[in-house]
There are 2 protein chains.
Amino acid sequence: MNNSKVKPTASELEILNILWSKGPSTVREIHEVLELNKDAGYTTTLKLMQIMNEKSLVKRDETSKSHVYSANVSKELMQGQMVKGMIDTMFNGSASQLVMQALGNHKADAKELDEIRKYLDLMDKKK
Amino acid sequence: MNNSKVKPTASELEILNILWSKGPSTVREIHEVLELNKDAGYTTTLKLMQIMNEKSLVKRDETSKSHVYSANVSKELMQGQMVKGMIDTMFNGSASQLVMQALGNHKADAKELDEIRKYLDLMDKKK
DNA sequence: TTTGTCTTACGAAATAATTCGTAGGAAGGA
DNA sequence: TCCTTCCTACGAATTATTTCGTAAGACAAA
């Protein structure tokens, strides 16, 4: 039940991303997706997922012969952790600095900008 | 002169941060700052900075006995790289998703929100 | 000059992360 | 049953990162 502050490595994050988008999956299924972008052996993927299980990043259902893994941390939580880490180490603790950097370099389209504006208004009203 | 896409490790990033805020410094000076937060030997810091020099993350002036190091990548560039990496790996390529996550969890104060709004307007006008 | 202090360079140990080979068991078809 | 295929577990090799011990030179004070 200990779960706070686990930092996934880059490889682990790739796997989590697949689990978040596909939902519960076997090692084989995950591996097939990974293979599209990089090449690694099947047992490499397996091992990685076993380690993630030990770390409680994922949980697994051992009912059937092929274990079924699912993410044990939410994408939102992990996003939050990572954004916070980034703000702390690279933006002197200022969320808005990060926001401006993000907007500056990756021109969101008009629709996106609008969403953000709405979001800002929403936050104002909450006060 | 090859410099694109160097990824600093966590330790290297700590050093870069110090260089960015203090400007050109000797190993001794950097080490003294690092010591405030963690404990590591002097030669550890030295080695790290030598490696960073090889990677061209920093450059050094060997004129005096104590070499003087300075950052060889701008903070803004590195912030950009890292934000981009984050957007790509964790936010499906959407900058605004990251922005909202950042705003959601780290309530920027009213003044900050205002800055962001101004920034958004600015971007609109640019179009 | 001799000694103590500070510096760099170098190599290698310690630790962390990734990769893979091999063994053994389950399941299905011939 | 016997063979082939697929699965897990495990241990160890490989690679990356961090840490530090030691040597050698510069320099200044005694």
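Naming convention: chains lettered A, B, ... in sequence-line order (proteins, then strands); numbering from 1 in each chain.
- In this entry the distance linking CD of A/Glu62 with C1' of C/dA26 reads 15 Å, nearest Å.
- Only B/Thr9, B/Ser11, listed by number, bring a heavy atom of residues 8-38 of chain B to less than 4.0 angstrom from any atom of DNA chain D.
- Closest to the side chain of B/Tyr42, out of C/dG11, D/dT8, C/dT7, is C/dT7.
- Partners of A/Glu62 according to the salt bridge (Lys or Arg N to Asp or Glu O under 4.0 Å) rule, which considers only residues two or more places apart in sequence or in another chain, are A/Arg60.
- With the nearest nucleotide of DNA chain C identified for both A/Lys7 and A/Gly41, A/Lys7 has the one nearer the 5' end.
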What nitrogen or oxygen pairs link the protein and nucleotides 28-30 of chain C at under 3.5 Å?
none

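- Residues B/Glu12 and B/Lys55 are paired through a salt bridge, judged by an N-O separation under 4.0 Å between the basic side chain and the carboxylate.
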How would nucleotides 22-30 of chain D be written as a contact map, 5' to 3', with B for base contact, S for sugar-phosphate-only contact and - for no contact, using protein heavy atoms under 4.0 Å? B--BB----
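- The separation between A/Asp39 atom CG and C/dT19 atom P is 9 Å, rounded to whole Å.
- Distances shorter than 4.0 Å separate some side-chain N or O of A/Arg60 from OP1 or OP2 on D/dA9.
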Which atom pairs, one a donor and one an acceptor, fall under 3.5 Å between side chains of residues 23-45 of chain A and the rest of the protein, sequence neighbours left out?
residue, atom, partner, partner atom, Å
A/Ser25, OG, A/Gly23, O, 2.6
A/Thr26, OG1, A/Glu29, N, 3.2
A/Thr26, OG1, A/Glu29, OE1, 3.4
A/Glu29, OE1, A/Thr26, N, 2.8
A/His31, NE2, A/Ala40, O, 3.0
A/Lys38, NZ, A/Glu14, OE1, 3.1

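- Atom CG in B/Leu48 sits roughly 11 Å away from atom P in D/dC20 (whole-Å rounding).
- Judged as a side-chain hydrogen bond (donor to acceptor under 3.5 Å, both in side chains), and not counting sequence neighbours, the contacts of B/Asp88 are B/Lys84.
- The nearest whole Å value for the distance from the CG atom in A/Asp61 to the P atom in D/dT8 is 12 Å.
- The salt bridge (Lys or Arg N to Asp or Glu O under 4.0 Å) analysis of residues 91-103 of chain A, with sequence neighbours excluded, yields no pairs.
- Closest approach to the B/Lys47 side chain among C/dA12, C/dA9, D/dT18 is made by C/dA12 (side chain taken as heavy atoms from C-beta onward).
- As rounded to whole Å, 13 Å separates atom C1' of C/dG21 from atom CG of A/Leu46.
- The CE atom of B/Met52 sits 13 Å away from the P atom of D/dT17 (whole-angstrom rounding).
- Nearest to the side chain of A/Thr44, among C/dT19, D/dA9, C/dT8, sits C/dT19.
- For A/Gln79, the side-chain hydrogen bond (donor to acceptor under 3.5 Å, both in side chains) test picks out B/Gln101, with sequence neighbours left out.
- Residues satisfying the side chain to side chain contact (heavy atoms under 4.5 Å, CB included) test with B/Ser94, not counting sequence neighbours, are A/Glu112, B/Ser96, B/Gln97.
- Residues forming a side chain to side chain contact (heavy atoms under 4.5 Å, CB included) with A/Ser21 (at least two apart in sequence, or on another chain): none.
- Judged as a salt bridge (Lys or Arg N to Asp or Glu O under 4.0 Å), not a single pair has a partner in residues 44-53 of chain A (not counting sequence neighbours).
- Under the side chain to side chain contact (heavy atoms under 4.5 Å, CB included) criterion, A/Thr63 pairs with A/Asp61, not counting sequence neighbours.
- Here C/dC10 is the nucleotide among D/dC20, D/dC10, C/dC10 with the atom lying nearest to any side-chain atom of B/Gln50.
- A straight line from CD of A/Glu54 to C1' of D/dG11 spans 13 Å, rounded to a whole angstrom.
- The minimum heavy-atom distance between B/Ala71 and B/Trp20, with the atom names listed, is CB-NE1, 3.6 Å.
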